[in-house]
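Comments concern the structure below.
Computation of the quantities below employed the complete heavy-atom set of this structure, encompassing side-chain atoms and omitting hydrogens, waters and symmetry-equivalent molecules.
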Amino acid sequence: MGLCLTAGVLVAALLFPVVGGLGLASNRAADTVDQTSGELAKAELPLVTTVLDMNDQPIAYLYDQYRIPVAFEDIADTMKAAIIAIEDKRFYEHKGVDWQGIARAAAKAGVDGETSQGASTLTQQYVKNYLAFVVGQGSEEAYEKATEVSLGRKISEARIATQLEQTMTKDEILAGYLNIVPFGNGTYGVGAAAATYFNTTPDKLTVPQAALLAGLVNRPSALNPEAGPEAAIKRRNTVIDAMRDNGAFGDDPAVAEQKAEEYKATEIGVVPDLDLLPNGCVGAGDGPVYGFFCRYLVDYLDKVGLSTDELLKGGYTIRTTMDPDATRAAKQAAENQVPKTAPGIANAMAVVQPGTDKHRVRALAANRDFGNNAEAGQSAYSIPAEVTRFGSGSIYKVFTAAAALEKGVARIDQMIEVPRTYTSRVYKDGNKGYTVKNYSDNYKERMTLTEALATSPNTGFIILEEKAGLNNVVDMAYRLGLRESMQGVNAKGEPLKADGSNGPSQGDQYKRDNSGSFTLGAGPTSVLEMSNVAATLMSGGTWCPPTPVEQVIDREGKPVQLKELPCEQAVAPELANSLVVGMSADTKPGGTAAGAASRTGWNRPMMGKTGTTEDHWSVGFMGATPQYAGAVLTFTDGVAPQVICPGNPPYLCGRSGTGVTGGDVAAPTWFNAMKAIHDGKGLEVKPLPEASPQYR
């Protein structure tokens, strides 16, 4: 009589909301049942995003839940029979709710104040798992709410299950359940479980395999077949017995018993070292090498409208611009100059393909591996892409030259003054004029701008900076490609906060302080942005964002539109082409990169510029051919910056000493990588563009 009364109360609560705890719980369920059941019918599951290189080979997988969705017809009958036998043998007979089981749970609640978790049908379990792992995205709070031991939760679950059976077929519900439920070891759904545990697909699951998987859904952690095979086999055999009892092996009891015993006698069959899908930027392919590109990709997509959260759930296919051959060449060149375990010295390179419609990032590499083990020479942030704390030295003289050309105060073949020392009346050092001297006393007192770009005298460029105007020079750096370096970080290289509390930006501070040292390139710089500067010049002055993305396709196979910045004409094509020619002498005798070019057997026309900071904490090289642009920055990445001294390999030598130059480490890295890239692809030797008479 008690059970009948309790069942009557439950039915009333489900059909007609009443006051009190039961009624309130039922009302809450009723308010959401239409929306929730509709969502369950659509079942937009969290899926794996696949990242591909330019050759459509996977380089990373990004996900919160490893899931491979499969259709009902692609799931073996063995799997369907196993899960029904152990979880809900009357699945095809009931209407979504086991009323007798619910009544028993309610009666228990009346006795001890709790309800049991039993008596849930597969439909109810589908609802519970959907709410926990799809709507709740697998969070601990969502799981606790979806599985809490309460009568209110049972009523809500039962209501949704009842309505769900009116909007979905039994086959759809069964497939939905098998695509959602966790199977342990980070796998969700039978598709991922079949691949992980047996390296197979759901349509090929044998009876023992299906029984083992069906047994896991009860307690996936406790029944982990890798950690505790005995418990997993025992549970598997329980499922096989249930399948036998439910008629899965035929109507003849003797034959069914014989088959069951044969199935139970088989070994567990789980693949050694479970075939888990790699997750994150140390994923597929060569993660320690490709990870820097992957990290930049994730950050870039977040800025152009595809958040990391969406990536981890959306099941996108991302075709990237990454060239694995160029990446390996850059990685090898960087390591050859500075070993990955060299204490305190990073050597990073970026390669960008010039173009007037797109600047494709082809390689992001470093002597460090991508990863979390610093002792093994790994780094978890994108060294080649992010703005470092260190400058690229005299490479910044390119911006002074560009501004001087644009303002008409210099031409590439025109003589400029190069005194041994120079004290500026425009820029100050405290109460005194700003005094600079050259790296050596071997410079001629007058030379062409082309010669100056090749040999890099400090005094000549301070004078040019005065004539062109510091603000114009800083703006030129931004226009040509140092967007984040100039306006996204402060003078310490720290990303600007939204409230402006740690500003101003680096570019604005140089302007505010009227710092003539800008042209000497001591400020924080991004290797990738320096590479993109070279790409802008080699693209006839067309700036485009350095993009790692070729195409993003959603789970339906439709392209996703990103909010990427459009390309723009940063400087006149004639100016850009003329400056390229003006930067073409660095590899010739007397140029700061001549030795590095000669040692690699370089024989292609190119533009280039070395850089060395005054304190020798960092050195760089930027260059381009008509086909590829690139930049290298070698810098001290330890806790306390030190001078980088020349050696084989280079080493840190404290706060003083004879430091390396851009031609010693950065330039050889560039030439070795670029020679391998160009020669490996069999690229023709292309001439540089012609300089315009107005800039000659």
Side-chain angles (χ1 to χ4, degrees), residues 354 359 387 391-412 414 416 426-427 449-450 452-453 456 458 460-489 491 504-526 528-546 565 567-583 607-609 611 620 622-624 629 631 691-692 694-695:
H359 286 181
V387 179
S392 59
S394 295
I395 294 175
Y396 272 38
K397 291 170 182 173
V398 172
F399 308 126
T400 302
L405 290 175
E406 188 171 68
K407 292 301 176 182
V409 298
R411 297 184 179 185
I412 63 173
Q414 185 182 57
I416 66 171
V426 176
Y427 310 122
L449 180 56
T450 296
L453 285 166
S456 207
N458 294 333
F461 283 96
I462 290 292
I463 294 170
L464 277 183
E465 188 177 45
E466 288 180 346
K467 292 179 178 180
L470 174 64
N471 287 7
N472 295 326
V473 175
V474 174
D475 290 342
M476 182 61 71
Y478 177 88
R479 287 161 58 189
L480 289 178
L482 295 193
R483 305 292 172 104
E484 190 71 15
S485 298
M486 289 299 105
Q487 291 299 322
V489 301
S505 69
Q506 177 182 197
D508 289 344
Q509 182 155 338
Y510 269 106
K511 292 179 181 180
R512 186 190 69 182
D513 296 346
N514 194 34
S515 293
S517 63
F518 180 80
T519 193
L520 303 182
T525 306
S526 159
L528 174 59
E529 287 194 324
M530 287 301 305
S531 180
N532 202 38
V533 167
T536 298
L537 292 173
M538 197 57 82
S539 304
T542 300
W543 175 88
C544 301
L565 293 173
C567 298
E568 60 187 56
Q569 196 68 43
V571 294
E574 295 82 6
L575 189 156
N577 293 341
S578 300
L579 186 54
V580 165
V581 175
M583 294 172 63
M607 55 163 271
K609 183 74 189 77
M622 178 185 77
S692 172
Q694 73 183 98
Y695 296 109

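- When side chains are defined from C-beta on, N471 does not count as touching Y510, because their heavy atoms never get closer than 4.5 Å.
- Of the listed residues (L520, V533, T525), just one forms a side chain to side chain contact (heavy atoms under 4.5 Å, CB included) with Y396, and that residue is T525.
- Between the side chains of S394 and K609, no donor-acceptor pair of N or O atoms lies under 3.5 Å.
- P524 is listed as a side-chain neighbour of Q506, based on a closest heavy-atom distance under 4.5 Å.
- For the pair M486 and S505, the minimum side-chain heavy-atom distance is 4.5 Å or more.
- With 3.5 Å as the limit, one finds no donor-acceptor pair spanning the side chains of S526 and E484.
- Note that CG of N458 and CD of E465 are 11.0 Å apart. Values are rounded to the nearest 0.5 Å.
- For the pair V426 and L470, the minimum side-chain heavy-atom distance is 4.5 Å or more.
- How far CG of N577 is from OG of S692: 8.5 Å, rounded to the nearest 0.5 Å.
- Note: T536 OG1 to L579 CG = 11.5 Å, rounded to the nearest 0.5 Å.
- Put simply, CD on E466 and OG1 on T519 are 11.0 Å apart, with the number rounded to the nearest 0.5 Å.
- Between K467 and E406 no salt bridge is recorded (no basic side-chain N to carboxylate O distance below 4.0 Å).
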